[in-house]
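Each remark here refers to the structure printed beneath this line.
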Amino acid sequence: MSLEFEISESFAKELDGSDTLARFRQRFYIPAGKIYMDGNSLGLLSKDAEASLLRVLDEFKQLGIDGWMEGSPPWYTLAEELGRKQASLVGARPDEVVVHSSNTVNLHNLVSTFFEPGSGRNKILIDELNFPSDKYAVDSQLSLHGLDPERHRVMVKSRDGMTLQEEDIVDAMDDDVALALLPSVLYRSGQLLDIEYLTGEAHKRGIIIGFDCCHSVGAVPHSFADWDVDFAFWCNYKYMNSGPGGTASLYVNRKHFGRVPGLCGWWGYNKDKQFNMDLDFEPAGTAGAWQIGTVHLFSTAPLEGSLDIFLEAGIQNIREKSLKQTEYLMYLIDGLLSGEPYNYSIGTPREQKRRGGHVALQHDTEAIRINAALKKRGVIPDFRFPNVIRLAPIALYTSYHEIWQVVMHLREIIELKEYERFPKTRGTVA
Ligand SMILES: *Cc1c(COP(=O)(O)O)cnc(C)c1O
């Protein structure tokens, strides 16, 4: 895809006019008077997600406990049902995905399943740019095995503080490493790693590999089954728009079915026999085995409506538009904001196959105050300390004209020195 853009406002409107996904915007609640650029942190509510949540609430009203079997679909197997529905978004076979719990809990369960120190391999490979929660979780998993995290954690370094080189990751895959855990898209820079390549290299070296896909699912297509990824997990409240704290998802490659999860619970039991209440655990023969306790119905239900939108729009179309929107945003930043006195720069890799759904806009001296000024002007960005403003045009609901307006705001904030009116400290939820 080679794209030609123009700077003018009328061109932005032309792009909207020929956008085949533009019709999905009306299915979302857009906060009044705002330009929402933070759908990579908390995706907006769709009418479809609202409807599926209200339906489950109503089923509860009408059916009480009978909703477990008589809900439509039955609550008892809703997590598996939504997993089947989501599988095509990530290139998984239908029984390899289940919707369960929170992302960090799923990480714990999967790492505790697949990290089996012994026979010389007793290290876990991670990277220094990953989301802190993942590092905390990995350290505690090592500690639970009686291993010192400082000695048993292999930390891949970044050369520039923003991105990772796949070759550096592969170089770190030595004979001591039992398991590698990496992000698909880096949460600050938006870099997309080459999952297929890294999986192949890990497997050549006898290493199990899993991916945290919080920042890619819903923006980028995946082919987990074809790439032979061992496991993956992601939250659904970012690009998947399932609502704050919405239930997360996990993927387990079929070749691992039958393994006993590290953290067992009755919800992972063979579903047909779960209520036999047998004291011997029999894991479900699907990714459903990695569930621990009862499905959180009200945090799960919105995902059903949300998935309908993704299946209707098509993840390939979403990716194509997302790339075009981020490219357009970077084109405007390069053209209007890169020189004096603006001094903005871009920390996201330029190649399409190396980026996810957001653009990391950098400003070395004033990012905090520019971010505050943007908010004051009705733009909802996302700040990452110390110098990154993340901007995520969301293919399902952000227009090209909004992207254009954001760039004009960024320009005026500098020209009018508007940022000087704001304090240099950041808020609690950045
Ligand atoms: C958002 C995010 C998380 C958050 O995990 P929760 O358990 O949902 O709080 C973890 N890892 C990455 C990479 C994320 O982007």
Side-chain angles (χ1 to χ4, degrees), residues 37-44 79 86 90 97-112 124-141 153 155-156 158 162-164 169 180-193 195 198 209-220 222 224 229 231-251 262-263 290-293 295-296 298-300 302-303 306 347-348 355-360 381-385 388 390-392 394 428-430:
M37 298 300 284
D38 206 5
N40 60 329
S41 243
L42 180 61
L44 292 178
Q86 196 169 39
V90 294
V97 176
V98 72
V99 177
H100 188 67
S101 191
S102 75
N103 187 64
T104 307
V105 171
N106 291 337
L107 183 172
H108 271 294
N109 197 1
L110 291 163
V111 171
S112 70
I124 300 180
L125 179 152
I126 60 172
D127 68 276
E128 69 172 356
L129 298 181
N130 205 343
F131 202 80
S133 189
D134 296 30
K135 189 246 175 199
Y136 307 153
V138 163
D139 281 357
S140 64
Q141 287 291 330
R153 174 205 328 116
M155 184 76 103
V156 178
S158 164
M162 282 299 274
T163 59
L164 297 170
I169 298 173
L181 185 72
L182 294 163
S184 51
V185 168
L186 273 62
Y187 79 98
R188 290 177 98 251
S189 67
Q191 179 189 5
L192 171 63
L193 293 177
I195 299 175
L198 292 168
I209 187 161
F211 289 87
D212 182 331
C213 296
C214 281
H215 273 283
S216 58
V217 173
V220 178
H222 303 68
F224 288 152
V229 169
F231 66 92
F233 48 93
W234 57 95
C235 54
N236 283 312
Y237 50 76
K238 291 172 180 160
Y239 292 98
M240 289 304 305
N241 310 318
S242 77
T247 311
S249 293
L250 63 88
Y251 161 87
L263 307 178
W290 278 266
Q291 296 171 94
I292 300 172
V295 52
H296 301 170
F298 301 146
S299 303
T300 304
L303 185 61
S306 186
T348 305
R355 57 192 164 83
H358 74 264
V359 170
D382 184 281
F383 177 68
R384 285 293 174 267
F385 192 78
V388 174
R390 298 189 306 186
L391 298 172
I394 304 298
T428 307
V429 176

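Counting starts at 1 for both ligands and their atoms, in listed order. Computed from a predicted model, the values in this text were never measured in an experiment.
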For ligand 1, which atoms sit closer than 4.0 Å to a heavy atom of His215? 15 (O)
Less than 3.5 Å apart, any donor N or O on the side chain of His222 or Ser184 sitting next to an acceptor on the other? no
Closest heavy-atom contact between Arg384 and Arg390? NH2-NH2, 3.1 Å
Identify the residue among Leu181, Val156, Asp134 that makes a side-chain contact (heavy atoms from CB on, under 4.5 Å) with Asp127. Val156
For atom 7 (O) of ligand 1, the protein heavy atom that lies nearest, with its residue and separation: Thr104 OG1, 2.6 Å
For ligand 1, find out whether one of its N or O atoms is nearer than 3.5 Å to an N or O atom of Ser133. no
Could you tell me how the ring of Phe224 sits relative to the ring of Tyr251: parallel (under 30°), tilted (30 to 60°) or perpendicular (over 60°)? tilted
Among non-hydrogen protein atoms, atom 3 (C) of ligand 1 lies closest to Phe131 CE2, 3.4 Å
What atoms of ligand 1 come within less than 4.0 Å of a heavy atom belonging to Lys238? 1 (C), 2 (C), 3 (C), 14 (C), 15 (O)
Any idea which of Tyr187, Tyr237, Phe211 brings a heavy atom closest to atom 6 (P) of ligand 1? Tyr237
Could you tell me whether Asp212 approaches ligand 1 through its side chain, its backbone, both or neither, with non-hydrogen atoms closer than 4.0 Å? side chain
Judged by atom type as modelled, is there a donor-acceptor pair below 3.5 Å linking the side chain of Thr247 to the main-chain atoms of Ser299? yes
Single hit among Val105, Asn106, Thr104 for side-chain contact (heavy atoms from CB on, under 4.5 Å) with His108: Thr104
Taking 4.0 Å as the limit for heavy-atom contacts, which would you say applies to Val105 with ligand 1: side chain only, backbone only, both, or neither? neither
